[in-house]
**Q** 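Below you will find the structure I want to go over with you.
Just follow the structure's listing: the first ligand is 1, and inside any ligand the first atom is 1. Heavy atoms only: backbone and side chains are in, while hydrogens, waters and symmetry mates are out.
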Amino acid sequence: METWAPTDVPALEGSGPPLRLHDTATGRVRPTAPGPVATMYVCGITPYDATHLGHAATYLTFDLVNRYWRDLGHDVHYVQNVTDIDEPLLERAERDQDDWVVLGLRETALFREDMEALRVLPPRQFVGAVEAIPEIAELVEKLVAAGAAYRIDDPEYPDVYHDVTATGHFGYESNYDLDTMLRFSAERGGDPDRPGKRNRLDPLLWRTARPGEPAWDSGLGRGRPGWHVECAAIGLNRLGPQIDLNGGGSDLIFPHHECGALHTESLTGEHPFARHYVHTGMIGLDGEKMSKSKGNLVFVSKLRNARVDPNVIRVALLDGHYRTDRSWTDEVHAKGDRRVTRWREAVGLDAGPDAAELVAKLRTHLADDLDTPGALAAVDAWAEEALTRRGTDTTAPQQVRTALDALLGVTL
Ligand SMILES: Nc1ncnc2c1ncn2[C@@H]1O[C@H](COS(=O)(=O)NC(=O)[C@@H](N)CS)[C@@H](O)[C@H]1O
Ligand SMILES: [Zn+2]
């Protein structure tokens, strides 16, 4: 499916330190080391209730990774999916007496608009699960042929599951204990208590057609793919068996990214699938996690319709560190608004303090596991200096504008 419109990224002089990021699998912050083309798979939305500020905070995080890698001189091959077939989508369509296909198309279109408004750089490939079903089914067939996957002994619905013992590495990505895995599996779309599975955590690969459910023909018979294998196939087939970064919110640590790694590594034998597994904290609303089930969602489009500057949304969300669970509040919004106003005044001057020092600080903070609180504070300091003690560098205001655009995606 169509990706969204590109945003140009101005080039800056020089470059900063290597990007260091926290990796969930090793539990450590360590340098990324992409080749000339960095490869990044970030899970996309399930297209309903798009685009809430939780989604936005996560995609803004990976936008900073994209921008910083480009600032280091890498090209970035960024792939993202849309889970346009899945239980939650079918249930929402049912609830709203909506056609699930139309719901998905409408919400995906809104998501693209919101991403463009927030100036998030688009993925090179933006792939829907439905359009990928042929290649997903092919991956499942290979897993069955390799003996890593099996049909469950259920004459009515002989679904296909992946044996979690297939690689000998299962659990390395999340490092969760068995109880936690079982709990999250049950809470997040898994079926640990289904009789006949070899292991309770074995993830579904192919769901045999049920009456009244959408189904597609495949070499596995009529049915539809499981959730995790959708991302495994879309990522593997476009980025290869080992990638620089697999990303998403912390709710994807398990089972989603653990099982995605199981699927690709079972087939390719290459371990780990991703050199960095990067996960963002949850955005809440006044202390409660912002989630579809809670219905306490703040939408990017609603803020845009209220004439909120997308730069304010971006700066407000970047004020907290990407890995912390944090809330959207009126104060967070107001602080972002004050900041953008103040920065605009400062770059509106005809001269300012030396910009090179600020650019170096921005790079150092971003390279340090995306320390955006530090980066934004450095901009605050430059703006205060410019507005109180003035400065003599007549090129500084424009240099700062360019650096904020390239590195933070903020246009003043
Ligand atoms: N409250 C939140 N705060 C931060 N990130 C969130 C929040 N809610 C969802 N996300 C992230 O937003 C992305 C899309 O979430 S989603 O719409 O539920 N879709 C999915 O998780 C799947 N389609 C991934 S293949 C995921 O990375 C998810 O972890
Ligand atoms: Zn995914």
Side-chain angles (χ1 to χ4, degrees), residues 1 24 40-63 65 79-92 103-104 107-108 110-111 114-115 118 120 123 125-130 132 136 173 184 187-189 203 225-236 238-239 243 245-264 273-274 277-300 313 317-318 320-328 332:
M1 59 174 57
T24 301
M40 171 161 82
Y41 185 89
V42 176
C43 285
I45 57 166
T46 299
Y48 67 94
D49 285 344
T51 310
H52 63 66
L53 291 183
H55 295 142
T58 288
Y59 297 117
L60 286 169
T61 297
F62 295 104
D63 190 52
V65 172
V79 176
Q80 186 176 122
N81 68 308
V82 179
T83 303
D84 56 357
I85 178 69
D86 202 12
E87 257 65 36
L89 184 69
L90 296 174
E91 282 156 12
R92 171 57 63 93
L103 172 62
E107 292 290 311
T108 303
L110 184 56
F111 174 72
D114 292 334
M115 289 297 107
L118 289 170
V120 172
Q125 283 113 349
F126 189 51
V127 185
V130 172
I136 300 169
E173 178 265 349
F184 282 154
E187 281 172 13
R188 298 168 177 171
W227 170 29
H228 317 307
V229 67
E230 137 193 355
C231 287
I234 291 169
L236 174 62
R238 287 161 186 78
L239 296 172
I243 67 175
L245 188 154
N246 188 9
S250 56
D251 56 333
L252 300 187
I253 291 174
F254 193 92
H256 191 52
H257 288 162
E258 190 79 66
C259 295
L262 172 75
H263 298 331
T264 55
F273 169 59
Y277 289 93
V278 181
H279 295 102
T280 56
M282 292 288 113
I283 297 290
L285 181 65
D286 304 327
E288 284 274 297
K289 180 196 167 192
M290 200 178 284
S291 82
K292 305 171 175 178
S293 42
K294 287 199 178 68
N296 61 341
L297 304 171
V298 175
F299 293 98
V300 171
I313 300 172
L317 288 172
L318 295 179
H321 189 257
Y322 79 94
R323 278 195 286 128
T324 54
D325 292 344
R326 56 206 190 281
S327 260
W328 177 266
V332 164

**Q** Assign the ring pair F111 / F126 to parallel, tilted or perpendicular, where the plane angle (0 to 90°) is split at 30° and 60°.
**A**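 Plane angle under 30°, so parallel.
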
**Q** Under 3.5 Å, is there a donor-acceptor pair linking the side chains of T61 and D63?
**A** no

**Q** For the residue pair Y41 and Q80, establish whether any side-chain heavy-atom pair is separated by less than 4.5 Å.
**A**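 A side-chain contact under 4.5 Å is absent here.
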
**Q** Among residues at least two apart in sequence or on other chains, which ones pass salt bridge (charged side-chain N to carboxylate O under 4.0 Å, His left out) with E91?
**A** none

**Q** Less than 6.0 Å separating the ring centroids of H279 and H257?
**A** yes

**Q** Identify, with sequence neighbours excluded, every residue that meets ring pair (Phe, Tyr, Trp, His ring centres under 6.0 Å) alongside F184.
**A** Y176

**Q** Enumerate the pairs of nitrogen or oxygen atoms, one from ligand 1 and one from the protein, separated by less than 3.5 angstrom; state names and distance to 0.1 Å.
**A**
from: ligand 1; atom 1: 1 (N); to: I283; atom 2: O; distance (Å): 3.1
from: ligand 1; atom 1: 1 (N); to: M290; atom 2: O; distance (Å): 2.9
from: ligand 1; atom 1: 3 (N); to: I283; atom 2: N; distance (Å): 2.9
from: ligand 1; atom 1: 5 (N); to: G54; atom 2: O; distance (Å): 3.2
from: ligand 1; atom 1: 5 (N); to: T58; atom 2: OG1; distance (Å): 2.8
from: ligand 1; atom 1: 17 (O); to: T46; atom 2: N; distance (Å): 3.1
from: ligand 1; atom 1: 17 (O); to: H55; atom 2: NE2; distance (Å): 3.1
from: ligand 1; atom 1: 17 (O); to: K292; atom 2: NZ; distance (Å): 3.2
from: ligand 1; atom 1: 19 (N); to: G44; atom 2: O; distance (Å): 3.4
from: ligand 1; atom 1: 19 (N); to: T46; atom 2: N; distance (Å): 3.2
from: ligand 1; atom 1: 19 (N); to: T46; atom 2: OG1; distance (Å): 3.3
from: ligand 1; atom 1: 23 (N); to: G44; atom 2: O; distance (Å): 2.8
from: ligand 1; atom 1: 23 (N); to: T46; atom 2: N; distance (Å): 3.4
from: ligand 1; atom 1: 23 (N); to: T46; atom 2: OG1; distance (Å): 3.0
from: ligand 1; atom 1: 23 (N); to: T83; atom 2: OG1; distance (Å): 2.8
from: ligand 1; atom 1: 27 (O); to: G249; atom 2: N; distance (Å): 3.0
from: ligand 1; atom 1: 29 (O); to: G249; atom 2: N; distance (Å): 3.1
from: ligand 1; atom 1: 29 (O); to: D251; atom 2: OD1; distance (Å): 2.5

**Q** Determine whether the side chains of E173 and T24 contain a donor N or O and an acceptor N or O closer than 3.5 Å.
**A** no

**Q** How many protein atoms of type N/O/S are positioned less than 2.8 Å from the Zn ion (ligand 2)?
**A**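 Counting protein N, O and S atoms closer than 2.8 Å to the Zn ion (ligand 2) gives 3.
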
**Q** Is any side-chain heavy atom of M1 closer than 4.5 Å to one of T108?
**A**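 Yes, at least one pair of side-chain atoms sits under 4.5 Å.
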
**Q** Contact between L103 and P47 at the side-chain level, heavy atoms closer than 4.5 Å - yes or no?
**A**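 L103 vs P47: side chains apart.
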
